[in-house]
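Accompanying notes for the structure given below.
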Amino acid sequence: MAKPVLITGASSGIGYELARVCAAHHHDLVLVARREERLLALKDELEAAHGILVWTYRGDLTEADTRQQFFDWTEFKGITPYGLVNNAGFGDLSTFVESSWEKQNAMLQLNIVALTHLSRLYLPKMVAQGQGRILNVASTAAFLPGPYMAVYYASKAYVLSFTEAIASELEGTGVTATTLCPGPTESEFQAQADAKNAKLFEGKTLPTSAEVAAYAYAAMEKGQRIAVHGTTNKMLSLATRLLPRKNLAEVARELQKPA
Ligand SMILES: NC(=O)c1ccc[n+]([C@@H]2O[C@H](COP(=O)([O-])OP(=O)(O)OC[C@H]3O[C@@H](n4cnc5c(N)ncnc54)[C@H](OP(=O)(O)O)[C@@H]3O)[C@@H](O)[C@H]2O)c1
């Protein structure tokens with residue numbers, strides 16, 4: 001097997017494009033999402049174009065049983081990933097009191113628990129083989145509180161903190177952990193989050209998922225600890241260290257106020 005990379009949320013957006021970048025670098029792939037027909041179409045395309053092996057797995061990663069069954073399935077197939085990309089995630093533009101608990105809970109399960117659970121399942125084998133890459137997809141939202149997307153921003157702060165901590169623990173093992181922090185990016189995210197009309201996205205030309213994916217793959221391969229995509233996002237993430245937290249919350253509130 002050619003350095004297999006396992007990618008969650010590979011049916012659209014950044015995960016879909018990451019699959020294409022990894023395929024172009026001759027990695028075999030394991031693609032996971034709920035919309036399997038999209039994964040199967042991508043599998044056909046990438047196997048034909050690059051002569052790699054692609055496996056697909058349909059599953060809802062908010063469910064603990066699904067995550068365990070998925071791990072067991074990869075074990076059965078003899079797949080120990082070289083790369084684990086925890087990319088699947090979603091947001092919801094709404095006030096905290098109006099957003100449903102079901103949605104908030106699913107977001108916590110996917111953005112935080114699934115990412116942590118899959119890291120815990122695969123890391124021991126990656127460490128034992130003495131090489132590997134984890135890429136956890138956070139966001140520039142990780143750097144500040146996010147009114148109207150409170151749970152989402154907090155979930156991404158967790159991803160950043162968790163991934164930095166394990167990156168430190170993994171030093172010297174041959175396995176690295178990278179946190180990807182994209183800013184607003186063209187994908188299905190805005191429609192899923194009902195956020196198309198927020199100032200943060202409205203009328204803006206956003207970087208494509210393909211651009212973010214190319215940047216992310218390079219950062220993952222280098223073992224970079226934190227990878228903030230784009231010069232403006234890098235400057236904004238630095239600025240969040242200087243402004244008082246209260247002001248940060250107000251800036252984010254203005255940017256995300258639903259229309
Ligand atoms: N786009 C942005 O502006 C932006 C900015 C910063 C960070 N991010 C982060 O980037 C990551 C990728 O998002 P994207 O922008 O590429 O959005 P996207 O186009 O909506 O893609 C999200 C992916 O996650 C999968 N997914 C959602 N719920 C799932 C579940 N319960 N189980 C398994 N897979 C699930 C979706 O597949 P199925 O629906 O087929 O399951 C899809 O493949 C997310 O973590 C997001 O928070 C995005």
Side-chain angles (χ1 to χ4, degrees), residues 6-21 30-42 56-67 69-70 85-93 102-118 135-144 146 149 151-160 163 178-196 198-202 204-213 215-216 226-230 232-233 236-237 252 255-256:
L6 192 160
I7 303 175
T8 70
S11 62
S12 72
I14 297 169
Y16 181 89
E17 295 296 340
L18 264 163
R20 298 169 70 89
V21 177
V30 183
L31 308 178
V32 192
R34 293 166 303 179
R35 289 170 293 181
E36 196 180 25
E37 65 292 348
R38 290 191 180 198
L39 301 181
L40 289 169
L42 187 57
T56 64
Y57 193 92
R58 182 177 57 80
D60 182 342
L61 293 171
T62 62
E63 292 167 9
D65 288 351
T66 303
R67 299 190 293 266
Q69 284 157 13
F70 169 62
V85 179
N86 283 303
N87 162 76
F90 74 95
D92 181 32
L93 187 74
E102 287 68 28
K103 217 176 211 181
Q104 291 166 349
N105 188 29
M107 196 186 300
L108 292 169
Q109 295 307 314
L110 185 64
N111 297 10
I112 294 182
V113 181
L115 172 142
T116 310
H117 192 187
L118 292 176
L135 178 70
N136 283 341
V137 181
S139 163
T140 46
F143 298 106
L144 70 171
M149 271 198 161
V151 175
Y152 178 75
Y153 273 56
S155 75
K156 295 303 185 178
Y158 171 92
V159 175
L160 174 62
T163 312
T178 299
T179 311
L180 173 68
C181 299
T185 303
E186 211 179 275
S187 75
E188 295 179 10
F189 178 88
Q190 291 78 14
Q192 291 291 334
D194 221 0
K196 279 191 158 170
K199 266 194 214 157
L200 192 59
F201 300 111
E202 201 186 19
K204 301 246 163 67
T205 307
L206 303 179
T208 64
S209 288
E211 286 164 344
V212 172
Y215 169 77
I226 304 178
V228 179
H229 178 256
T232 309
N233 292 326
L236 288 174
S237 73
L255 285 173
Q256 294 189 149

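We count ligands from 1, going down the list as the structure has it; atoms in each ligand are counted the same way.
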Item to complete: Determine the interplanar angle of the Y152 and F189 rings, folded into 0 to 90°, and report it as parallel if under 30°, tilted if 30 to 60°, perpendicular if over 60°.
Response: tilted
Worksheet item: How close does the nearest protein non-hydrogen atom get to atom 32 (N) of ligand 1, and which residue and atom is it?
Response: L61 N, 3.0 Å
Fill in: Contacts of type salt bridge (charged side-chain N to carboxylate O under 4.0 Å, His left out), residue E188, not counting sequence neighbours
R35, R38
Worksheet item: Tell me, which protein residue and heavy-atom name are nearest atom 46 (C) of ligand 1, and how many Å apart are they?
Response: Y152 OH, 3.6 Å
Item to complete: Identify the two heavy atoms, one from L110 and one from T62, that lie closest to each other, and give their separation to 0.1 Å.
Response: CB-CG2, 4.0 Å
Item to complete: If you have a sec, work out which protein heavy atom is nearest atom 25 (C) of ligand 1 and how many Å separate them, to one decimal?
Response: G9 CA, 3.5 Å
Worksheet item: Side chain, backbone, both or neither: which part of Y16 comes within less than 4.0 Å of ligand 1 when only heavy atoms are counted?
Response: neither
Item to complete: From the options G59, A10, A193, S11, select the one whose nearest heavy atom is closest to atom 40 (O) of ligand 1.
Response: S11
Fill in: Non-hydrogen atoms of T66 and G59 that approach each other most closely
CG2-CA, 3.8 Å
Item to complete: Taking only heavy atoms of G13 into account, list the atoms of ligand 1 that are under 4.0 Å away from them.
Response: 16 (O), 19 (O)
Discussion item. Using a 3.5 Å distance criterion without hydrogens, assess whether the side chain of Q190 forms a donor-acceptor pair with backbone atoms of T185.
Written reply: yes
Worksheet item: Which atoms of ligand 1 sit under 4.0 Å from any heavy atom of P184?
Response: 3 (O)
Worksheet item: Which part of E186 is near ligand 1, with near meaning a heavy atom under 4.0 Å away: side chain, backbone, both or neither?
Response: neither
Worksheet item: By number and element, which atoms of ligand 1 are closer than 4.0 Å to a non-hydrogen atom of D60?
Response: 30 (C), 31 (N), 32 (N)
Item to complete: Could you tell me which residues satisfy salt bridge (charged side-chain N to carboxylate O under 4.0 Å, His left out) with K204, sequence neighbours excluded, listed by chain and number?
Response: none
Worksheet entry | V151 and D92: CA distance, side-chain angles, deciding distance, side chain to side chain contact (heavy atoms under 4.5 Å, CB included) verdict | CA-CA 8 Å; V151 175; D92 181 32; over 6 Å; no
Worksheet item: Under 3.5 Å, side chain of T8 to main-chain N/O of V32, donor-acceptor pair present?
Response: no
Worksheet entry | Selection from A106, S187, A138 by shortest heavy-atom distance to atom 15 (O) of ligand 1 | S187
Discussion item. Suppose we measure from atom 28 (N) of ligand 1 to each protein heavy atom; which comes out shortest, and what is that distance?
Written reply: R34 NH2, 3.2 Å
Response to the item:
Within 4.0 Å of some non-hydrogen atom of V137, the atoms of ligand 1 are 9 (C), 10 (O), 11 (C)
Discussion item. Between L180 and V212, does the side chain to side chain contact (heavy atoms under 4.5 Å, CB included) criterion hold? Intermediate values first, please.
Written reply: CA-CA 9 Å; L180 173 68; V212 172; 4.1 Å; yes
Practice prompt. Before giving the answer on side chain to side chain contact (heavy atoms under 4.5 Å, CB included), spell out for T179 and C181 the whole-Å C-alpha distance, their side-chain angles and the decisive distance to 0.1 Å.
Written response: CA-CA 6 Å; T179 311; C181 299; 4.0 Å; yes
Item to complete: Can you pull out the closest protein heavy atom to atom 34 (N) of ligand 1? Residue, atom name and distance to 0.1 Å, please.
Response: A88 CB, 3.8 Å
Item to complete: Report the part of Q190 in contact with ligand 1, treating N, CA, C, O as backbone and CB onward as side chain, heavy atoms under 4.0 Å; options are side chain, backbone, both, neither.
Response: side chain
Worksheet item: Among protein heavy atoms, which lies nearest atom 21 (O) of ligand 1, and at what distance?
Response: S12 OG, 3.1 Å
Worksheet item: Do any N/O atoms on I14 end up under 3.5 angstrom from N/O atoms on ligand 1?
Response: yes
Worksheet item: Which option, V159, L31, N87, L39, owns the non-hydrogen atom nearest atom 12 (C) of ligand 1?
Response: N87
Practice prompt. Mark up the atoms of ligand 1 that fall under 4.0 Å of a heavy atom belonging to T62, in ascending order.
Written response: 31 (N)
Worksheet item: Which residue supplies the protein heavy atom nearest to atom 6 (C) of ligand 1, what is that atom called, and how far is it?
Response: P182 O, 3.3 Å
Item to complete: Report the C-alpha distance between L31 and Y57 in whole Å, list the side-chain angles of each, state the deciding distance to 0.1 Å, and finish with yes or no for side chain to side chain contact (heavy atoms under 4.5 Å, CB included).
Response: CA-CA 6 Å; L31 308 178; Y57 193 92; over 6 Å; no
Practice prompt. Report yes or no: does a heavy atom of Q109 sit under 4.0 Å from some atom of ligand 1?
Written response: no
Worksheet entry | Heteroatom distance test (S139, ligand 1): nitrogen or oxygen, under 3.5 angstrom | no
Practice prompt. Taking only heavy atoms of G183 into account, list the atoms of ligand 1 that are under 4.0 Å away from them.
Written response: 3 (O), 5 (C), 6 (C)
Item to complete: Answer yes or no: does an N/O atom from T140 fall short of 3.5 Å to an N/O atom of ligand 1?
Response: no
Practice prompt. Out of F70, F189, F90, indicate the one that has the non-hydrogen atom closest to atom 48 (C) of ligand 1.
Written response: F189
Item to complete: For ligand 1, note which part of S209 has a heavy atom under 4.0 Å away: side chain, backbone, both or neither.
Response: neither
Item to complete: Measure across A33 and A10 and return the closest heavy-atom pair with its distance rounded to 0.1 Å.
Response: CB-N, 4.2 Å
Discussion item. Between Y158 and T116, does the side chain to side chain donor-acceptor pair (under 3.5 Å) criterion hold? Intermediate values first, please.
Written reply: CA-CA 10 Å; Y158 171 92; T116 310; 2.9 Å; yes
Worksheet item: For the residue pair A195 and L93, what are the closest heavy atoms and their distance?
Response: CA-CD2, 3.8 Å
Worksheet item: What is the closest protein heavy atom to atom 3 (O) of ligand 1, and at what distance does it sit?
Response: T185 N, 2.9 Å
Worksheet entry | Residue from N136, N86, T178 passing side chain to side chain donor-acceptor pair (under 3.5 Å) with T163 | N136
